Structure formats: structure tokens, C-alpha cells
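When a ligand or atom number is given, it counts from 1 through the structure's own listing order. The model shown is predicted, which means the values in this text are computed figures rather than measured ones.
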Amino acid sequence: MKRILIAGLCALMMGAIPAGAQWGPRQIPEPTDGLKDAYKDYFKIGVAVNNRNVSDPDQMKLILREFNSITAENAMKLQPTEPKKGEFHWEDADKIADFCRANGIKMRGHTLMWHSQIGSWMYQDEKGNLLSKEEFYANMKHHIQAIVERYKDVVYCWDVVNEAVADSPVYPGRPELRDSPMYKIAGEEFIYKAFEYAHEADPDALLFYNDYNDAEPAKSQRIFNLVKRMKDAGVPVDGIGMQAHYNVYGPSMKEVDDAINLYSTVVKHIHLTELDIRVNEDMGGGLRFNQGKATVADWEKTLQQDQYVQLFKVLRKHKDVIDCVTFWNVCDKDSWLGVRNYPLLFDENYKPKQAYLAVKGFDPKMDNVVIAEDFKPSELNQPGQEYPMVNSQGYARFKVIAPKATSVIVSLGLGGSGGTVLHKAEDGSWMGTTDGPMDEGFHYYHLTVDGGVLNDPGTNNYYGSTRWESGIEIPAHDADFYAMKNVPHGKVQQILFWSNSTNQVRVAWVYTPADYDKTKKKYPVLYLQHGWGENEYAWWNQGHANLIMDNLIAEGKIQPFMVVMTYGMTNDVRPGGAGLRSFNYKDFETVLCDELVPFVDANFRTIAKKESRAMAGLSMGGMETHSITLARPEMFGWYGLLSGGTYNPEEVQGTGVKGIFIGCGSKEGPDQIRNAAKKLQEAGYNAKGYVSEGTAHEFLTWRRCLLEMAPMLFVK
Ligand code: XIL
């Protein structure tokens with residue numbers, strides 16, 4: 001029981017700790033279905049494979065789970081299939097084709113005519129002289145017809161000509177096409193001929209022109225121009241293959257969207273044929289295989305995930321014209337770019353990345369949401385600062401001035417996404433809007449600019465995640481209970497007290513109700529603890545504990561009591577990882593029970609007895625509360641755990657506890673709270689369980705918990 005409880009507490013606390021900070025990245029369980037299933041209403045999801053991929057049982061299983069279109073990475077290219085004129089080698093291609101036949105998967109054929117991976121016999125004689133056009137065409141026709149015929153039953157489309165358009169920049173007067181030997185021999189016509197031969201060999205196959213830098217505005221225009229000329233000349237071209245060798249910095253989604261729009265005016269089929277997204281600046285044919293670090297930083301993973309997520313969002317929008325999206329290789333270990341480029345959705349061990357989940361876990365409803373343009377500055381902004389902004393739907397929009405930066409990420413975004421990636425706006429600033437509405441209430445966040453962590457100069461700072469962070473407030477529908485209103489206000493004052501056990505002066509903040517200074521009354525006291533990342537400022541600064549108390553008192557909903565908020569650690573090193581389980585709360589117990597409580601009782605008009613003393617805490621503060629209240633039953637009569645675990649009847653037996661409050665957000669496993677409250681009630685305890693609707697391990701949960709807990713405290 002105890003072990004389960006501790007594990008449960010740890011699970012509850014996870015959310016309070018920045019992702020990966022203490023426990024490392026979360027393990028992603030083995031998927032039960034694949035990308036192909038998630039995208040079944042949109043387009044096929046393909047993969048380029050080598051022979052090892054289709055020989056290893058584990059890899060085959062993964063391929064069959066995730067993909068429903070297959071391309072041979074190299075095996076159907078010119079050189080591998082016909083290294084010498086008339087000398088065909090089909091073993092490798094057959095192996096992949098047979099795998100597809102056996103599993104009922106249709107293939108994209110790649111590729112019939114390309115300047116690379118081609119036997120030079122195709123276009124030159126033994127002395128190196130270019131062949132005549134007629135000889136070249138005969139060679140080409142022979143090759144194309146042999147391979148197309150052979151795989152006609154399993155290949156449903158072909159990349160007929162690959163990479164024939166010139167890279168940028170193309171200077172005025174220069175050809176728009178690559179100056180390959182084939183081009184030298186026959187000019188643009190060789191492209192037309194390749195399509196004609198392929199069409200003759202298999203009139204049913206869809207025929208594609210395929211190229212890279214496919215979203216770069218100038219090159220995409222040239223690709224469009226070529227295909228348009230082919231169409232006008234009656235060449236049987238059906239589609240454009242966008243290789244999509246992208247990186248985390250580009251292309252922009254506007255460029256991708258523009259390219260798809262342009263291409264779709266000339267063809268009915270667009271495939272992404274060789275998708276990968278490198279974590280460095282390389283693009284398309286730029287191959288610096290070893291660039292990038294051996295280990296990829298979290299912020300780079302965030303950039304990559306965002307680029308993948310935004311790309312698939314654009315692709316879904318164009319599902320009418322896009323019918324297949326093929327990844328170039330199964331996992332990073334297979335990638336032609338090498339592991340260091342970290343380019344795919346499966347890592348070097350064939351394990352799915354977080355980005356895989358993000359690409360797969362899209363919400364179709366979110367694709368059509370229109371963001372309301374009624375953004376207002378967040379109420380936590382520094383004076384006169386416009387950004388960050390929040391709209392009526394709960395979206396947050398950020399603007400950061402960092403003219404020379406190459407990437408700016410806001411650590412705030414939808415579940416597990418690692419944040420919101422900002423993009424350079426026309427005025428040179430970095431802007432971005434969260435992918436969806438944020439939960440109501442207060443959120444900590446920070447910026448990551450080129451890998452460096454900074455606060456947003458637009459906002460005030462709040463101590464959380466063990467540092468002063470930026471904060472944003474998404475107005476809650478029930479914000480009135482912690483609003484600053486024209487009611488009598490109590491005081492929050494700092495007290496400094498000597499602590500013998502730690503040999504230092506320590507800090508606490510004491511809330512005294514508005515009538516404290518006007519009467520001689522004595523007051524009950526709630527000792528209220530912060531969580532793992534916070535300090536003694538948190539409860540009144542971002543928690544608004546004093547305003548919640550003022551409002552409750554003004555409305556006559558509670559009898560006034562004091563609240564004392566102190567730092568819950570005896571050093572700056574916080575528990576975490578294994579340390580969390582073994583963290584020794586005894587040192588803080590001594591500070592609280594033997595030093596702070598006596599100091600407060602000596603210096604304030606408190607009712608210095610158990611029945612009038614409560615302890616409560618959020619998250620780790622809940623763990624402290626749990627162990628200290630049970631260790632010192634003579635000191636506290638009232639216990640509160642806020643997203644900080646539960647009590648069971650056995651452990652509170654004999655403590656003489658007067659009342660127990662346990663609460664959490666609906667997004668952090670509320671059943672534990674409901675069940676535990678029920679058990680305590682059934683055992684005859686004065687217990688209240690509370691679940692804050694629509695909130696997670698964040699401050700709106702705890703503000704609401706205080707609101708719900710306060711009325712039950714000290715009531716006889
Ligand atoms: C690459 C393969 O992945 C590598 O194994 C090979 O060494 C070179 O070719 N554009 C294309 C693909 O059209 O055929 C290329 O594949 C990657 C770039």
C-alpha cells in the first residue's frame with residue numbers, strides 16, 4: 001500500500017517538473033497501429049526500404065504496421081538494375097518487390113532516368129564520347145521497358161525522371177534544366193521520351209516528375225514550368241514528386257503551401273516522395289553527412305517535431321491532390337543522411353520519437369479551427385508590454401525581438417509538444433500562436449533562443465521550475481474568486497526567523513486577515529506549502545492566496561484565519577529522481593514544527609493549539625504535509641493535500657485529525673482523489689475530495705483547492 005502510494009505521489013508530481021528535467025524523456029510505448037492508420041482518410045504513408053529492412057523480422061513488422069506504400073531506396077535505380085548494357089541484376093529489386101507482393105503493398109517505382117546512380121553506358125561510349133540521340137534513346141527505351149514490364153504488377157507509379165531541373169540560382173539566359181549528359185545529348189526532349197516509353201510499357205502506372213528543393217520558390221517555379229511544357233506537349237505526366245528533404249529551419253510552411261498550390265494547377269497527383277527533416281541547416285542535395293552533433297538537444301527535437309507537425313497539417317489540407325507521403329528510410333540508422341542528422345520519426349533503434357506521436361495524434365477538428373483575432377495583452381505583462389497576448393478561445397500569441405536568432409521556441413504549447421515554435425515575421429520579429437487553446441489559469445514558461453534559455457521580457461516573473469520564469473494567465477471563467485476587488489484586504493508580510501537547525505535566518509510570508517489589526521482576536525493558522533519548483537512567494541504571488549482569503553472573508557464564507565507560507569526545503573538542492581522517494585522531510589519538519597510554528601505563535605495572535613492549526617501543500621508540499629502531519633499529530637488538526645497524494649484511513653487512525661481535504665485537477669488522475677475521499681468518509685472521517693474541472697498540475701487547480709478547502713478548516 002505504502003509503495004503504491006509513493007509511486008502515485010511521484011506520478012502526480014511529474015507534471016510539476018519540467019519535462020525531462022529529472023526523470024529523462026518519457027518512454028513511448030510500442031505503437032499498436034501505424035501512421036498509415038492515422039492517415040487513412042488522407043493519403044498513403046510510404047517508406048523507402050533497403051534489403052535489410054525487408055529481411056529482419058522486427059523491421060518487417062514495423063514496416064507493415066506503419067506504412068502502406070513502399071519505395072526501393074536504391075534497388076530499382078539504373079546502376080543497380082543495369083550496371084552494364086543489357087546486363088540486368090534484379091535480385092535486390094525482386095526481394096523488395098516480393099516482400100510487397102507477399103504483403104499486398106503497392107510500390108512507388110524509383111527511378112527510371114536520373115543523372116546519378118546510372119551506368120555511363122546509357123549516354124556515352126567507351127571512350128567517353130556522348131552517344132547520338134538515337135543510340136541514347138534506344139538505350140533508355142530498352143531499360144525503361146525492361147524494368148517497368150517486370151514490376152508492372154506491383155508498382156503503381158514511377159518517378160520517371162528525377163532531378164532534371166537546375167538548382168538555384170539560374171542566371172538569366174541559362175537553361176532551367178540541369179546540364180546532365182542526357183540534357184547535352186537531347187535537350188529537354190529526353191524527359192518527354194522517358195515518360196512516353198514508361199507509358200507505353202505500363203499505360204496504367206501513374207507517372208511522376210520528381211525533384212528536390214521542391215518548395216523553394218524559384219526552383220518550384222522551374223519545376224512547374226517544365227511540367228507545364230510537358231502537359232502542353234501532350235506528354236503523359238500525371239504527377240509531381242516533391243522529394244521533401246527538408247530541415248528544421250525550412251522551408252517555411254507558406255513555401256510548401258505555395259508550391260503545392262502551384263503544382264496542383266498543372267497535375268492531379270502530388271506525392272511527397274522522400275521526406276526527411278534534418279536538425280541542421282542542410283537542405284535537399286546539400287549533403288554534409290556528419291554535420292550536427294552526436295546528441296540532439298531537446299530544443300532541436302522540438303523544432304523538428306514542430307516542422308513535422310506543421311508540414312502534415314499543410315498536407316492534410318491538400319489531401320485532395322496529395323495521395324502519398326513517403327519517408328526516405330525507416331529509421332535514423334537507415335537514413336542516407338546518417339544518424340547525426342536525426343531526420344526521421346523513428347530513432348536509430350527503431351523506436352518512435354515524440355514527433356511520431358505528434359504527427360500521428362493530430363485532431364482533425366483542430367485543422368479547421370478559425371482563431372479569433374481578439375487577442376489582448378496577458379494580464380501578467382510588464383507595464384506597457386503588448387505581448388504575450390491571449391484571445392477569447394484561450395490561444396496565446398507570442399512576439400519576441402531577436403533579429404539575429406535562428407530559432408525561438410516558447411516552452412508553452414499543447415500536450416507534450418515541447419512548446420510553440422515562433423517564426424520570423426515580416427518585421428523581423430519572431431511570432432507564433434499556440435497550436436490550440438491553453439487550459440484556463442496560470443502557466444509558467446520561458447523562451448529558448450538558439451538553445452539558450454531566457455525569460456520573455458514581456459512578462460513578470462514567477463518562481464517555478466526552480467527559477468524565476470515568465471508567466472501568462474489565460475483568463476478563467478471563474479476568475480472572480482481570486483480577483484482583486486474593492487473589499488477589505490489583509491496583509492501579506494515577510495517575517496525573518498532564526499533557525500537553529502539550519503543555522504540561518506529563514507523567510508516566511510504571513511497573511512493576516514483585514515480585521516487582524518483592528519481587533520484583539522486570536523486566529524487559527526494554516527501552514528501552506530508550495531511545490532517542487534516553487535518557493536515561499538508562489539502561494540500569494542501566482543496563487544493569489546491572500547485575495548482568495550480576502551474574498552471568502554468579505555463574503556462571509558469563512559471565519560478569518562492566518563496563512564503562513566515558507567520555503568519548504570532546507571537547502572537549494574531539491575529532491576528529484578530517485579531522490580524524491582528518499583528525500584528526507586525530517587529537516588523541514590524540524591524547521592516548521594520546532595522553529596517556525598513557535599515563532600509565529602510568539603509573534604502573532606494565534607490560537608496556539610492543534611485544533612486551530614492546519615497544514616496543507618501542493619504537489620511536493622503535499623508530500624511534506626503527508627509525512628509531517630502524520631509524524632506530528634499533536635501539532636496539526638487539519639490536513640490538506642493539493643495534487644499531492646492522498647491519505648488512507650489506516651494511516652490517519654489515532655491522529656485525532658479534525659478534517660482532511662484532498663484535491664487535484666481533472667487532468668491529473670482524479671479517480672485516486674475521489675476513491676480516497678470516499679474511503680475516508682466511509683471510515684467516519686471529516687474528509688472532502690475535490691476535482692478542479694479542466695485543469696492539470698497547475699496553479700488554477702490549487703487556487704480552486706484553496707477556495708474549496710478554506711470553508712471546511714477550523715469548523716467545529
Ligand atoms: C539516395 C539513397 O538513399 C542513398 O542510399 C544513395 O547512396 C544515394 O541516393 N534523391 C533521390 C534518392 O531521388 O534516390 C536519393 O537516394 C536521395 C536524393
What about the rings of Phe362 and Tyr39, do their centers lie closer together than 6.0 Å? yes
Test: Arg108 cationic atom under 6.0 Å from Phe208 six-membered ring centre, within 45° of axis: yes
Residue by residue, ordered by chain and number, which ones reach under 4.0 Å of ligand 1 with a heavy atom? Glu73, Asn74, Lys77, His110, Trp114, Gln117, Asn162, Glu163, Gln243, His245, Glu274, Trp328, Trp336
Check whether the side chains of Tyr246 and Asp214 place a donor and an acceptor atom closer than 3.5 Å, and report yes or no. yes
Report the relative orientation of the aromatic rings in Phe346 and Tyr356; use parallel for angles under 30°, tilted for 30 to 60°, perpendicular for over 60°. tilted
Apply the test side-chain hydrogen bond (donor to acceptor under 3.5 Å, both in side chains) to residues Lys228 and Asn225: give CA-CA distance (whole Å), side-chain angles for both, the deciding distance (0.1 Å), then the verdict. CA-CA 5 Å; Lys228 179 82 173 63; Asn225 293 346; over 6 Å; no
For the residue pair Trp336 and His245, does the interplanar ring angle fall in the parallel (under 30°), tilted (30 to 60°) or perpendicular (over 60°) class? tilted
